[in-house]
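One structure is given here, and the rest of the page talks about it.
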Amino acid sequence: MKLSYEALEWRTLHDNSSDVVSFPPAPPFFGQERARAALELALRGGFHAYLVGPSSLGKHEALLAYLSTQTVETPPDLLYVPLSERKVAVLTLPSGQETHLADAVENLLLEVSRLDELFRQGSFLREKTQLEARFKEAREQQLASLQQEAQEAGFALSQSGERLEFTGPGPVPAELSARLEEVTLGSLAAAAELEVALRRLRRDWALHYLNNRFEPLFQRFPQARSYLEALRGRLARYAETGEPLDPAQWRPNLLTSSSSGSPPPIVYEPYATAPRLFGRLDYVVERGVWSTNVSLIRPGAVHRAQGGYLILDALSLKREGTWEAFKRALRNGQVEPVTEPQAPASLEVEPFPIQMQVMLVGNQEAFESLEEDPAFSELFRIRVEFSPTLPATPENMMALGGWLQAQGFQMTHSGLIRLYDEARRSAEQRDRMDARLIETRALAEEAAVLGEGILSAEAVEQAVLARDHRSFLSEEEFLRAVREGVWSLRTTGRAVGEVNSLVVVEAAPYWGRPARLTARAAPGRDHLVSIDREAGLGGQIFHKAVLTLAGYLRGRYIESGPLPATVSLAFEQSYVSIDGDSAGLAELVAVLSAIGNFPLRQDLAVTGAVDQTGKVLAVGAINAKVEGFFRVCQALGLSGSQGVILPRANIPNLTLRAEVLEAVRAGQFHIYAVETAEQALELLAGARMEGFRGLQERIKASLEEFAKLEEGHKEENES
């Protein structure tokens, strides 16, 4: 069936108004109703979810925008607080209280200087003096008693600093020496008792003072009582012993904070390393000595997302090797900060409780290995799947305009239509549009530059042409080689066993091109040889297409017994790997032409897969293939008879460029849609399949002749 220009025209009609128009805001996840419903269920149920879809759909942006509209209970403030120099606990406070607690603690840390001032007060000094006086009096009494005893024994007691000794005639009596030792030890014990008493005095005075400061805070922050009591005890220890106090060791370390009524935290962590996820404990190294404290605990994404949402890339979890640790954290409901492997044992940090929803985002390949883990389906029960295409409806076109407008673009109605049509062309479906909004936005950005800030139809067209031109170098070189005859391609005349098959270049950019496919037939025993396959250039799907061709030949000509022919197939001037089944129809017609010895038109190119019954099946990249042959015909000269034969099932996929459509309208290029291999063969051979002197008769006659020749060859060998 020859397709008319009207059947091929797919572009949306529009006027050329230059007026900038306004569009209503786009609904979230427009066109992705299935994904939105799944996500809504996950949010209502508090389930972890994973978002699956091709790259460039804008999944991250859409998810971030959607989550920002959610209203949940304001999450509490979370802090790490020290209970000692070695132990750290997690503290939960009502929203907004963390700053008040931090301010209160900062004031308490200033009490160090106030305690020093306290011990210079007259009342304290008097009590201290009284203690010291009692000690001095008791010591002086002991010394006076000892000196009297020494005099009675004829000795004198001398004192040099704290040292006591006897002087006199002869050796000191044992009783007197024992008495000296007793007084000396008693003096030391009394000094120790005095020190304990003074420390107790300082502690009592400090606690009396501090209790007045801490009691209101115990009432104000009941959740922080253990922390505040530990801080009070540390201040009292400073007062008692004078042991220096490092304020950094006792300040609370804020992990999350929110004000009342604020939206839930939404944290997107693109690099899912263990420290960035779970936080880390840093260290200070001075002169080879490692030290750390609560202030050096760095929060991770898990901490910042508490009470809200954590968004992660599935591929990053796999690449960074953190899936197993993250899985354990979710199952256990808690995490601990990452420490340096070579660091000595230091802080004992209480595990942090996880209270958030996790959204994993990625393409299908990123989730394949994760879905094999039974724990994955337990933790992530909601699959939010995005379609690579959207319905091409006026509603979605307007939503696209609203989405672009929200990102700062100004456009005319015709400019939006041109972008919309390009999205339909990218999807290769007239009734669908490409869901890769990031790609559409990239084209819009280029058009905005060319249109001096306005997205008009002309600016979008210029951007499309500029994009094609940037990647056209390899195709330009190919067309030059075709014109110079380096590539052996014909777009006129006829040839036996030769056909122009349409392929797509595997390496980017993905241009469509014709490839000369040849077939040769001779008497033989049911052999169909693919030269490309034998040379190791054919992939598995390509090999399947060759085997399907063999199945068609056996089924169609079974009455002749085993196929009495050996047929070879080759893509000429092909030096790279070939895969796919879109050359199946071209291979079949080339083989039948070679067997029946009838010529095929070289001004028609062929694409399409084929099954064992001869039905022609749809193929991919249909537009690139048609346009690739059109460019070759242009390069060699349009004859007016050239065209492409393609599967009828591909008609909905035809979104051809304007120059091809104009050539069809002018009768310079033609598109034929077929449903069976026989229809394609009749077009290429210019003859009927059935009837007198039909192609079928010629093929069968050739097979019979092959059979006779093969039988004669067999008899000669036996004789």
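Owing to the predicted nature of the structure, the values given are computational and were not obtained by experimental measurement.
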Point to revise | Inter-residue atom distance Arg430.CZ - Arg425.CZ, 0.5 Å rounding | key: 12.0 Å
Review point. To the nearest 0.5 Å, what is the distance between CD (Gln462) and CZ (Arg418)?
Key: 11.5 Å
Practice item. In plain terms, say whether Arg470 and Glu476 are close enough for a salt bridge, that is, a side-chain N and a carboxylate O under 4.0 Å apart. Key: no
Exercise for review: Could you go through the side chain to side chain contact (heavy atoms under 4.5 Å, CB included) check for Thr518 and Leu569 one step at a time?
Suggested key: CA-CA 6 Å; Thr518 62; Leu569 279 167; over 6 Å; no
Practice item. With the side chain counted from C-beta on, respond yes when Met397 and Leu416 share a heavy-atom pair under 4.5 Å apart, and no when they do not. Key: yes
Review point. Is Glu659 salt-bridged to Arg657, going by a charged N under 4.0 Å from an acidic O?
Key: no
Practice item. Quick one: sort the Trp511 and Phe472 rings into parallel, tilted or perpendicular, breaks at 30° and 60°. Key: perpendicular
Practice item. Using modelled atom types only, decide if a donor and an acceptor are shared between the side chain of His670 and the backbone of Gly640 within a distance under 3.5 Å. Key: yes
Point to revise | Heavy-atom pair with the smallest gap, counting every atom of Asp603 and Ser641 | key: OD2-OG, 2.7 Å
**Study point:** Check: Thr607 side chain, Leu646 main-chain N or O, donor-acceptor pair, under 3.5 Å
**Key:** no
Check your understanding: Taking Asn396 for the side chain and Phe30 for the main chain, is one N or O donor matched with an acceptor at less than 3.5 Å?
Key -> no
Please report, to 0.1 Å, the donor-acceptor pairs under 3.5 Å made by any side chain of residues 682-691, with sequence neighbours excluded.
from	atom 1	to	atom 2	distance (Å)
Glu682	OE2	Met689	N	2.9
Glu690	OE2	Arg556	NH2	3.3

Exercise for review: Might you work through the side chain to side chain contact (heavy atoms under 4.5 Å, CB included) test for Val644 and Phe669, ending with a clear yes or no?
Suggested key: CA-CA 8 Å; Val644 171; Phe669 199 73; 3.9 Å; yes
Practice item. Measure across Leu661 and Leu656 and return the closest heavy-atom pair with its distance rounded to 0.1 Å. Key: CD1-O, 3.6 Å
Review point. What's the shortest heavy-atom distance between Leu489 and Pro514, and which atoms?
Key: CD1-CG, 3.9 Å
Review point. For Ser593, what residues pass the side-chain hydrogen bond (donor to acceptor under 3.5 Å, both in side chains) criterion, not counting sequence neighbours?
Key: none
Practice item. Mind running salt bridge (Lys or Arg N to Asp or Glu O under 4.0 Å) on Arg601 and Glu498 for me, showing each step along the way? Key: CA-CA 9 Å; Arg601 292 172 59 179; Glu498 294 189 23; over 6 Å; no
**Study point:** Verdict with supporting geometry, Leu400 and Leu437, side chain to side chain contact (heavy atoms under 4.5 Å, CB included)
**Key:** CA-CA 8 Å; Leu400 175 63; Leu437 300 179; 4.1 Å; yes
Practice item. May I ask you to decide if Gly637's main-chain N or O and Gln642's side chain share a donor-acceptor pair within less than 3.5 Å? Key: yes
Check your understanding: Just by modelled atom types, is the Ala621 backbone N or O under 3.5 Å from a matching donor or acceptor in the Glu428 side chain?
Key -> yes
Review point. More than 12 heavy atoms of other residues, nucleotides or ligands under 6.0 Å from CZ of Arg319: is that the case?
Key: yes
Practice item. Give a yes or no on whether the backbone of Phe367 and the side-chain of Lys318 come within a donor-acceptor separation of less than 3.5 Å. Key: no
**Study point:** Pair Glu477-Arg480, side chain to side chain contact (heavy atoms under 4.5 Å, CB included): steps then yes or no
**Key:** CA-CA 5 Å; Glu477 292 296 313; Arg480 180 180 59 79; 2.6 Å; yes
Check your understanding: If every non-hydrogen atom of Thr491 is compared with every non-hydrogen atom of Cys633, which pair is closest and at what distance?
Key -> CG2-SG, 4.0 Å
Practice item. Enter the distance from Leu592:CG to Glu678:CD here, rounded to the nearest 0.5 Å. Key: 8.5 Å
Exercise for review: Kindly compute the distance separating CG (Asp431) from CG (Leu390), expressed to the nearest 0.5 Å.
Suggested key: 12.0 Å
Revision key, fill the gap. Minimal heavy-atom distance between Asp15 and Ser414, with the atoms involved, is O-CB, 3.1 Å
Review point. Any donor-acceptor pair under 3.5 Å linking the side chain of Gln602 with the backbone of Leu600?
Key: yes
Check your understanding: Ala673 and Arg648: which non-hydrogen atoms are nearest, and at how many Å?
Key -> CB-CA, 3.8 Å
Review point. So do the side chains of Val606 and Leu517 get within less than 4.5 Å of each other, counting heavy atoms only?
Key: no
Check your understanding: With no hydrogens and no angle check, is any side-chain donor or acceptor of Ser702 less than 3.5 Å from a backbone partner on Ile595?
Key -> yes
Review point. Are Arg424 and Asp421 close enough for a salt bridge, meaning some N to O gap below 4.0 Å?
Key: yes
Review point. Can you list the residues that meet the ring-ring contact (aromatic ring centres under 6.0 Å, His included) rule with Phe478, with sequence neighbours excluded?
Key: Trp487
Review point. Could you give the distance from CZ (Phe598) to CG (Leu695), rounded to the nearest 0.5 Å?
Key: 4.5 Å
Review point. If you measure only the distance, is there a donor-acceptor pair under 3.5 Å linking the side chains of Asp611 and Thr613?
Key: yes
Check your understanding: Parallel, tilted or perpendicular for Phe380 and Tyr50, by the 30°/60° rule?
Key -> perpendicular
Revision key, fill the gap. Rounding to 0.5 Å, atoms CD (Gln679) and NZ (Lys615) come to a distance of 11.5 Å
**Study point:** Any donor-acceptor pair under 3.5 Å from Arg516 side chain to Ser488 backbone
**Key:** yes
Review point. Thinking salt bridges, do Glu662 and Arg665 make one under a 4.0 Å N-O criterion?
Key: yes
Check your understanding: Heavy-atom distance under 4.5 Å between the side chains of Leu465 and His469, does that happen here?
Key -> no
Exercise for review: Would you indicate whether the side-chain heavy atoms of Leu419 and Leu404 approach each other to under 4.5 Å?
Suggested key: yes
Exercise for review: Output yes when Glu61 and Arg441 qualify as a salt bridge under the 4.0 Å nitrogen-oxygen rule, no when they do not.
Suggested key: yes
**Study point:** Under 3.5 Å donor-acceptor, Asn653 side chain and Gly620 backbone
**Key:** no
Exercise for review: Could you tell me whether Glu461 and Arg11 make a salt bridge, using a distance below 4.0 angstrom between a side-chain N and a carboxylate O?
Suggested key: no
